[in-house]
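We use all heavy atoms of the structure for the numbers below, so side chains are in, but hydrogens, waters and symmetry mates are not.
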Amino acid sequence: MKHSFALLLVFGLVACRIDKGGTEPAEGTLLVDIRDTEFTPDTVTVAVGGHVRWTNRGAQVHAISSTVFTSNNLFPTWWVEARFDEAGTYDYFCTLHEEKEGTVIVE
């Protein structure tokens, strides 16, 4: 039996949801692949209130951290989605592989 879980975190500026496989993103959600050596794309621009979804497409476990949120470990095919409610530039990185970095620009 396959188990699924979801976790919703709210940090004022950002709401996050972590899940594994299966759920299609809402229309307009920007998609970022987490590879074992990089984020693809590494910079995205989203409107205020917009969503970004990071999906682990690598073979290793990854986790994302920024000044406004930190995800749990994301196993291959698992994803985290965040809604950005305030304009700004949000840099993020993989907490397990800190050389891997990216940016979300919210306009």
Side-chain angles (χ1 to χ4, degrees):
M1 176 181 229
K2 196 174 198 181
H3 295 290
S4 180
F5 74 93
L7 173 64
L8 180 65
L9 307 169
V10 179
F11 294 98
L13 303 178
V14 181
C16 298
R17 180 171 182 223
I18 299 170
D19 208 339
K20 66 179 200 179
T23 306
E24 292 297 318
E27 186 173 331
T29 299
L30 296 178
L31 304 176
V32 177
D33 288 342
I34 305 169
R35 304 285 179 184
D36 288 335
T37 59
E38 65 187 358
F39 294 104
T40 305
D42 62 357
T43 301
V44 294
T45 301
V46 64
V48 170
H51 293 250
V52 178
R53 179 182 287 196
W54 293 266
T55 302
N56 185 353
R57 304 284 184 204
Q60 302 174 8
V61 175
H62 299 286
I64 299 170
S65 184
S66 75
T67 57
V68 292
F69 79 94
T70 298
S71 76
N72 290 340
N73 287 343
L74 301 171
F75 294 89
T77 75
W78 289 26
W79 53 267
V80 62
E81 187 171 304
R83 183 186 72 230
F84 290 85
D85 293 329
E86 289 193 22
T89 300
Y90 302 93
D91 295 321
Y92 64 90
F93 62 96
C94 177
T95 60
L96 303 173
H97 310 97
E98 292 184 12
E99 70 281 355
K100 201 166 31 181
E101 300 174 332
T103 304
V104 176
I105 301 167
V106 183
E107 300 178 330

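The side-chain hydrogen bond (donor to acceptor under 3.5 Å, both in side chains) check on E101 picks up nothing, with sequence neighbours excluded. S65 is linked by a side-chain hydrogen bond (donor to acceptor under 3.5 Å, both in side chains) to T70, counting only residues two or more places apart in sequence or in another chain. Remark: P25 pairs with T29, L31, R53, E81 by the side-chain contact (heavy atoms from CB on, under 4.5 Å) rule, at least two apart or across chains. For T103, the side-chain hydrogen bond (donor to acceptor under 3.5 Å, both in side chains) test picks out D91, with sequence neighbours left out.
For residues 57-75, the salt bridge (charged side-chain N to carboxylate O under 4.0 Å, His left out) pairs, not counting sequence neighbours, are D33-R57. The salt bridge (charged side-chain N to carboxylate O under 4.0 Å, His left out) pairs that include a residue from residues 60-70 number zero, where partners must be two or more places apart or lie in different chains.
From T55, atom OG1 reaches atom CZ of R35 across 10.0 Å, with rounding to the nearest 0.5 Å. Within the model, atoms OG of S71 and CG of N56 stand 9.5 Å from one another, a figure rounded to the nearest 0.5 Å. Atoms OG1 and CG, on T95 and L74 in that order, are 9.0 Å from each other to the nearest 0.5 Å. How far OH of Y92 is from CG of D42: 7.0 Å, rounded to the nearest 0.5 Å.
Aromatic ring pairs are classed by plane angle as parallel below 30°, tilted from 30° to 60° and perpendicular above 60°; the pair F69 and W54 is tilted. Classified by interplanar angle (parallel below 30°, tilted 30° to 60°, perpendicular above 60°), the ring pair Y90/F84 is tilted.
A donor-acceptor pair under 3.5 Å is absent between the side-chain atoms of N73 and the main chain of V61, judged by distance alone.
A continuous path of hydrophobic side-chain contacts links V52 to V48 [ILVMFWY only; heavy atoms under 4.5 Å]. In the hydrophobic cluster analysis, where Ile, Leu, Val, Met, Phe, Trp and Tyr join through side-chain heavy atoms closer than 4.5 angstrom, F93 is grouped apart from I64. There is no path of hydrophobic side-chain contacts, each under 4.5 Å, that joins I105 to V68.
Taking each heavy atom of V46 and H51 in turn, the nearest pair found is CG2-N, 3.8 Å. Residues P76 and A59 come closest through the heavy atom pair CG-O, 3.7 Å. Between T37 and K100, the shortest heavy-atom contact is C-CD, 3.6 Å. Taking all atoms of both residues into account, the shortest heavy-atom contact from D36 to G58 is OD1-CA, 3.3 Å.
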### N72 vs W78, side chain to side chain contact (heavy atoms under 4.5 Å, CB included): CA-CA, chis, key distance, verdict
CA-CA 10 Å; N72 290 340; W78 289 26; over 6 Å; no

